[in-house]
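Here is the structure we will look at.
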Amino acid sequence: MKKLFLTAAVVAQTAFIFAQTPAIPADTVPRLKIYGNVRVDAYYNTRQMEEGSDGFVLLYPKPENIDANGNDLNGNGMAGITATGSRFGLDFAPFRVKKLNMNLSGRIEADFQGFSSSATLLRIRHAWMKMNFGKSDVLAGQTWHPFYDNCYPNVLDLNGGQPYQPFARNPQVRYSYSTNGVKLYGAALYQTQFTSPGPEGRSTAYQRNAKIPELVAGVDYKISSFTVGAAAEYKQLQPRNIALKTVDGAIAVDEKVQSTAFNAYVQYSQKLLTLKAKAAYGQNLSDMCMLGGYAATDSTAQGERSYKPFDVITGWFSADYKLKENSPWNFNLFAGYSKNLGCDHSVLGTSIGSFVYGNVMYGGKMLSEVWRGSAQVSYKLPNWCFSLEYSYNKAFYGTLDTTKGEAIDNKGIDGSRVLAVAMFMF
């Protein structure tokens, strides 16, 4: 009886508190929408590939590694099946904040492509809020890097066009202003999951120690069926705070790597056909899953080093086509090319790249250029999609010329992938 009386008292008190709480206006309550997909990938590679996400993000073929019997240790093919590309999220539909005269919206999204040594982990993809003031808006949180977000190819592989398409998600603050088909934007970004390499491996510390966020500015312009745009980026890293000297002990150093990058794109869209093309030139782009990085070029008597980034040019083209407006059949063609131009400076160390950091050295060989061609066919139904993609990939590896910081005596290695995907979307 005592327990029953206590429960009734708690319920009555709770009801009284809620009765005294002012009602929240309906126009300030966010509406939530759950979305996502279940995705199953199955692939076969004709040889060992440089890859990400436990093999399900294709980059390019690995270099030859010849054994004592003349066999290529990387010549063996590989295959796999995964559902880690499945994802889910919550969209916060825009709602009005009258006191601030703005609309507020947001998103949080996760997938299962965080990997440890023995497990698949839940990973944040997007987590952002956006304040819209009419012609301008401010976004804060993690989302796509602006170099990816302005234009991207519709490829089936989870690589999203890497290493030809800049690919990264970053915590950022981004301001945009739109008027008469023109959109101007600027962003300050830091790194989390997509990080730069350095003397201690890949880490966010190199950018955090440099104290300056990555800065991006760009413009998009849409007229009729065409959209064009361009963007520029500045990034600064600090590879080391301390230089270790065997005689003098540890020495504090102030080392910096500064780099810039630019991209431009054009897109044409109609009901049955979409054409896209993007080109980029930049330095130290390995944090965007592209070729590039940097190298130590000089060292003082105290052990402090100078660095120079590798220059890279890249470009891609894609075409999406439907047989007719309501046809379930969709087709995609993609072609990409990327070239490592070197750092145009002498490099410390030996030809195996002891002081080279980034996506340029593999097994003691320097990556000079890569290209890819792929074809995709998809059959789409309400909430369902079944797709097949074939891609042919070629990579050229050579010896690092330490006097110029570039690859010489290059040899091409090719490899193919067949990928099948089934998706249920909700």
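These numbers come from the heavy atoms of this one structure, side chains and all, not from hydrogens, waters or symmetry mates.
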Practice problem: From the options His345, Glu255, Gln238, select the one residue that forms a side chain to side chain donor-acceptor pair (under 3.5 Å) with Tyr307. | Solution: Glu255
Any side-chain to backbone donor/acceptor pair from [X] onto [Y]? Under 3.5 Å, distance only.
X	Y	answer
Gln376	Asn154	yes
Ser327	Trp329	yes
Asp72	Asn65	yes
Tyr185	Val216	no
Ser53	Val57	no
Asp401	Glu406	no
Asn170	Gln172	no
Asn74	Pro63	yes
Asn330	Pro328	yes
Gln207	Gln191	yes

For atom [atom1] of [X], is the number of surrounding heavy atoms from other residues, nucleotides or ligands below 6.0 Å larger than 12?
X	atom1	value
Lys256	NZ	yes
Leu381	CG	yes
Met129	CE	no
Ile81	CD1	no
Asn71	CG	yes
Ile242	CD1	no

With the side chain counted from C-beta on, respond yes when [X] and [Y] share a heavy-atom pair under 4.5 Å apart, and no when they do not.
X	Y	answer
Tyr221	Ile223	yes
Phe92	Leu104	no
Asn410	Glu369	no
Phe310	Val356	yes

[atom1] of [X] to [atom2] of [Y]: how many Å apart, nearest 0.5 Å?
X	Y	atom1	atom2	answer
Asn159	Glu51	CG	CD	11.5 Å
Ile408	Met366	CD1	CE	10.5 Å
Met131	Ser105	CE	OG	10.0 Å
Leu400	Thr350	CG	OG1	8.0 Å
Met361	Ser354	CE	OG	8.5 Å
Thr46	Tyr392	OG1	OH	9.0 Å

Quiz prompt | Under the salt bridge (charged side-chain N to carboxylate O under 4.0 Å, His left out) test, residues paired with Lys365 that sit two or more places apart | solution =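 Partners of Lys365 under the salt bridge (charged side-chain N to carboxylate O under 4.0 Å, His left out) test: none.
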Self-check item: Under the salt bridge (charged side-chain N to carboxylate O under 4.0 Å, His left out) test, residues paired with Asp67 that sit two or more places apart
Solution: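 Asp67 satisfies salt bridge (charged side-chain N to carboxylate O under 4.0 Å, His left out) with no other residue.
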Exercise. Flag the pair Asp409 and Lys411 as a salt bridge only when some basic side-chain nitrogen lies within less than 4.0 angstrom of an acidic carboxylate oxygen.
Key: no
Quiz item: Would you call Asp220 and Lys222 a salt bridge, using N to O less than 4.0 angstrom?
Solution: no
Quiz item: side-chain contact (heavy atoms from CB on, under 4.5 Å) between Phe112 and Thr82: does it pass, once the steps are laid out?
Solution: CA-CA 10 Å; Phe112 301 89; Thr82 186; over 6 Å; no
Kindly give the heavy-atom pair with the smallest separation between [X] and [Y], and that separation in Å.
X	Y	value
Ala168	Asp287	CB-O, 3.8 Å
Gly77	Gln48	O-NE2, 3.7 Å
Phe334	Gly336	CE2-N, 3.8 Å

Quiz item: When the ring centroid of Tyr337 is compared with that of Trp316, is the distance short of 6.0 Å?
Solution: no
Practice problem: Go through the steps for Leu59 and Met49 under the test side-chain contact (heavy atoms from CB on, under 4.5 Å), then give the verdict. | Solution: CA-CA 7 Å; Leu59 297 176; Met49 300 284 191; over 6 Å; no
Quiz item: Please walk me through it: do Arg39 and Asp111 pass salt bridge (charged side-chain N to carboxylate O under 4.0 Å, His left out)?
Solution: CA-CA 11 Å; Arg39 173 175 170 142; Asp111 65 15; over 6 Å; no
Self-check item: Donor-acceptor pair between Lys339 and Ser368 side chains, under 3.5 angstrom
Solution: yes
Exercise. Tell me yes or no: between the side chains of Tyr206 and Glu200, is some donor less than 3.5 Å from an acceptor?
Key: no
Exercise. Take Glu50 and Leu367 through the test side-chain contact (heavy atoms from CB on, under 4.5 Å) and record every step on the way to the result.
Key: CA-CA 11 Å; Glu50 293 294 341; Leu367 187 56; over 6 Å; no
Quiz item: Where do Ser391 and Ser374 land on the side-chain hydrogen bond (donor to acceptor under 3.5 Å, both in side chains) test, with the steps shown first?
Solution: CA-CA 4 Å; Ser391 66; Ser374 69; over 6 Å; no
Quiz item: For Tyr60, which residues count as a ring-ring contact (aromatic ring centres under 6.0 Å, His included) partner, sequence neighbours excluded?
Solution: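 Expected list: Tyr362.
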Quiz item: Residues two or more places apart in sequence or in another chain: which of them pass ring-ring contact (aromatic ring centres under 6.0 Å, His included) with Phe194?
Solution: Phe167
Practice problem: For Tyr294 and Gln283, run side-chain hydrogen bond (donor to acceptor under 3.5 Å, both in side chains): C-alpha distance rounded to whole Å, both residues' side-chain angles, the deciding distance at 0.1 Å, then the answer. | Solution: CA-CA 8 Å; Tyr294 57 96; Gln283 304 166 325; over 6 Å; no
Quiz item: Is the cationic atom of Lys276 (NZ for Lys, CZ for Arg) positioned less than 6.0 Å from the six-membered ring centroid of Tyr265 and within 45 degrees of its normal?
Solution: no
Pairs of donor and acceptor atoms involving the side chains of residues 133-147, under 3.5 Å and at least two apart or interchain, shall be tabulated with distances.
| residue | atom | partner | partner atom | Å |
| --- | --- | --- | --- | --- |
| Gln142 | OE1 | Thr192 | OG1 | 3.2 |
| Gln142 | NE2 | Ile124 | O | 3.3 |
| Gln142 | NE2 | Arg125 | O | 3.1 |
| Thr143 | OG1 | His126 | ND1 | 3.1 |
| His145 | ND1 | Phe147 | N | 2.9 |
| His145 | NE2 | Glu214 | OE2 | 2.7 |

Quiz item: Can you list the steps and then say if Tyr35 with Arg107 is a side-chain contact (heavy atoms from CB on, under 4.5 Å)?
Solution: CA-CA 11 Å; Tyr35 69 92; Arg107 168 175 292 186; 3.2 Å; yes
Pairs of donor and acceptor atoms involving the side chains of residues 416-426, under 3.5 Å and at least two apart or interchain, shall be tabulated with distances.
| residue | atom | partner | partner atom | Å |
| --- | --- | --- | --- | --- |
| Ser416 | OG | Tyr390 | OH | 2.9 |
| Arg417 | NE | Asn45 | OD1 | 2.8 |
| Arg417 | NH1 | Asp157 | OD2 | 2.9 |
| Arg417 | NH2 | Gly55 | O | 2.9 |

